[in-house]
Number of protein chains: 2
Amino acid sequence: MRTPEGEAFTSFVVEVATLGHFVTAAGESLARHGGQSLARWVVLDAIGERPLTVAQIGRARGMARQPVQRVADVLAEEGLASYQDNPQHRRARLLTLTARGREVLDAINARQAAWANAHGARVGIDKLRRAHQLVADMRKLIELPPQS
Amino acid sequence: MRTPEGEAFTSFVVEVATLGHFVTAAGESLARHGGQSLARWVVLDAIGERPLTVAQIGRARGMARQPVQRVADVLAEEGLASYQDNPQHRRARLLTLTARGREVLDAINARQAAWANAHGARVGIDKLRRAHQLVADMRKLIELPPQS
DNA sequence: TTCATATTGACATCATGATGTCAAATCGCC
DNA sequence: GGCGATTTGACATCATGATGTCAATATGAA
């Protein structure tokens, strides 16, 4: 009923889910030091380079527009971002970082960089590259239907 | 500011978060074929071996008791589980699988086994073991404070 | 046994993300 | 230019998981 490969695959999947949980928690922790949350950080970071519409942010980060909309509205209320008119689209305004939003984002990203540098140095570049490749391969595999 | 190792670590973390998302979606899909959700499947599976209290389920699956309580109450309402008196603790009743709950759980687990067998066969046992080890190592690392 | 401490269930509130629907706006094909 | 399809924002509802509080219960030290 369950092959050794099936057992191993299930163990891997469970381990990945657990690691994903830890990674998310680490992200929440990093964001909290800037007085934000992971969801807010994701939206702030998305518009760090250039203003985007809510729908564009959702596509860029693999989220539906609706949750992004809610977070974006909160950020706008708090003065970390603001909606600017979009010459391309009358309704779809561009969410833009304010000066305060830039400060907050830079602070969180700086902390994240230190965190990643410290962890990365311990692992070593070779193992990191292999790990990244392995996880990326696995993702492509899980995306495929199991029958093929 | 950002070392190559830091860059690689960040890429890995983002990839893991993405894979975790896919794995969760796969779990939701498997559970849905049994008319359940991932959260309900997790609770059903936790009491598959022996009855447990809500708090025990939470600890076993790394969740707080409160969300488990809510899911458990729904399962009890739907007749997939039932609360039985606990000789060890007057208030903490044991959540127990009903016959229907057993059927549903077995069906979902059978489907998961087929899914895992098919995917596992494609990857191969060696790569799976290496991937599992790598991910487990990374988790231990992220759990440590970054300074050490 | 007694009493401080920890655990537990039962509430509440909240953040997050998914999904559905609708009308306005844009785009693309003709 | 006109018109159908798509995109978008703006609502709504829902599932999930985290957190906090409280009283009832169990546990362990004295």
Side-chain angles (χ1 to χ4, degrees), chain A residues 17-18 20-29 31-32 34-44 46 51-78 81-95, chain B residues 17-18 20-29 31-32 34-46 51-78 81-96:
Chain A
T18 307
H21 196 266
F22 272 95
V23 161
T24 300
E28 292 280 5
S29 173
R32 210 168 306 121
Q36 303 300 310
S37 68
L38 180 53
R40 294 177 189 197
W41 178 23
V42 166
V43 173
L44 288 174
L52 291 175
T53 68
V54 163
Q56 286 171 335
I57 297 169
R59 281 194 298 271
R61 302 293 161 134
M63 292 170 58
R65 323 172 258 124
Q66 292 84 341
V68 174
Q69 184 74 249
R70 182 175 43 75
V71 173
D73 289 347
V74 173
L75 291 174
E77 271 177 33
E78 294 179 353
S82 69
Y83 288 109
Q84 303 293 330
D85 283 344
N86 183 357
Q88 310 295 319
H89 197 303
R90 201 184 306 175
R91 289 186 78 205
R93 289 172 300 166
L94 290 164
L95 191 69
Chain B
T18 307
H21 195 265
F22 273 96
V23 160
T24 299
E28 292 279 6
S29 172
R32 209 168 307 121
Q36 303 301 309
S37 68
L38 180 54
R40 293 177 189 198
W41 178 23
V42 165
V43 172
L44 286 173
D45 192 64
L52 291 175
T53 67
V54 163
Q56 286 171 335
I57 297 169
R59 281 193 298 271
R61 302 293 161 134
M63 294 169 56
R65 348 183 230 112
Q66 292 84 341
V68 175
Q69 184 73 250
R70 181 176 44 75
V71 173
D73 288 348
V74 172
L75 292 174
E77 271 177 34
E78 294 178 354
S82 70
Y83 288 110
Q84 302 294 331
D85 282 344
N86 182 356
Q88 310 296 319
H89 196 302
R90 201 185 305 176
R91 289 186 79 203
R93 288 172 300 166
L94 290 164
L95 190 70
T96 311

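Side chains included, hydrogens not; waters and symmetry mates left out as well; all remaining heavy atoms used. Chain letters run A, B, ... following the sequence lines, proteins first, then strands; residues in each count from 1. Fair warning: this is a prediction, and the values are worked out from it, not measured in the lab.
In this entry the distance linking CG of B:L94 with P of D:dT25 reads 17 Å, nearest Å. The CG-P distance, from B:D73 to D:dT16, rounds to 13 Å in whole Å. Atom pair B:H21:NE2 and C:dT16:C1' shows a separation of 11 Å (rounding to whole Å applied). Between A:M63 atom CE and C:dA15 atom P the separation is 15 Å, expressed in whole Å. Atom pair B:I57:CD1 and D:dT16:C1' shows a separation of 16 Å (rounding to whole Å applied). A:R32 places its CZ atom 18 Å from the P atom of C:dC14, with the value rounded to the nearest Å. In this entry the distance linking CD of B:Q88 with C1' of C:dT7 reads 14 Å, nearest Å. Between B:R70 atom CZ and D:dA18 atom P there is a gap of 10 Å when expressed in whole angstrom units.
With hydrogens and angles ignored, a donor-acceptor pair under 3.5 angstrom links the side chain of B:Q66 to the base of D:dG20. Donor-acceptor pairing under 3.5 Å, judged by distance alone, is absent between the side chain of A:R93 and the base of D:dG9. Judged by distance alone, with hydrogens and angles left aside, B:R91 brings a side-chain donor or acceptor within reach of the base of D:dA24, the pair sitting under 3.5 Å.
Note on B:R59: a side-chain N or O is less than 4.0 Å away from OP1 or OP2 of C:dT8. Between A:Q69 and D:dA10, a side-chain N or O to OP1/OP2 separation shorter than 4.0 Å is present. Contact between the side-chain N/O atoms of A:H89 and the OP1/OP2 oxygens of D:dT6 is not found at any separation under 4.0 Å. For D:dA23, the OP1/OP2 oxygens have no side-chain nitrogen or oxygen of B:R90 closer than 4.0 Å. Of the side-chain N and O atoms in A:S37, one or more sit less than 4.0 angstrom from OP1 or OP2 of C:dT16.
Closest contact between the side chain of A:R40 and the listed nucleotides D:dA18, C:dG9, C:dT16 involves C:dT16.
Residue A:T53 holds its OG1 atom at 10.0 Å from CZ of A:R65, rounded to the nearest 0.5 Å. The distance from atom CG of B:L75 to atom CZ of B:R70, rounded to the nearest 0.5 Å, is 10.5 Å.
The nearest heavy atom of DNA chain C to A:G62 and to A:R65 marks one nucleotide each, and the one closer to the 5' end goes with A:G62. Remark on DNA chain C: of its neighbouring residues A:E28 and B:A55, the 5'-side contact belongs to B:A55, judged by nearest-heavy-atom nucleotide.
At a threshold of 4.0 angstrom between heavy atoms, the contacts of A:A64 include nucleobase atoms, whether or not backbone atoms are also involved.
Residues A:Q88 and A:L94 form no side-chain contact, since every pair of their non-hydrogen atoms from C-beta on lies 4.5 Å or further apart. No side-chain heavy atom of A:V71 sits under 4.5 Å from any side-chain heavy atom of A:I57.
A distance-only check finds no donor-acceptor pair linking the side chain of A:S29 to the backbone of A:A25 [under 3.5 Å].
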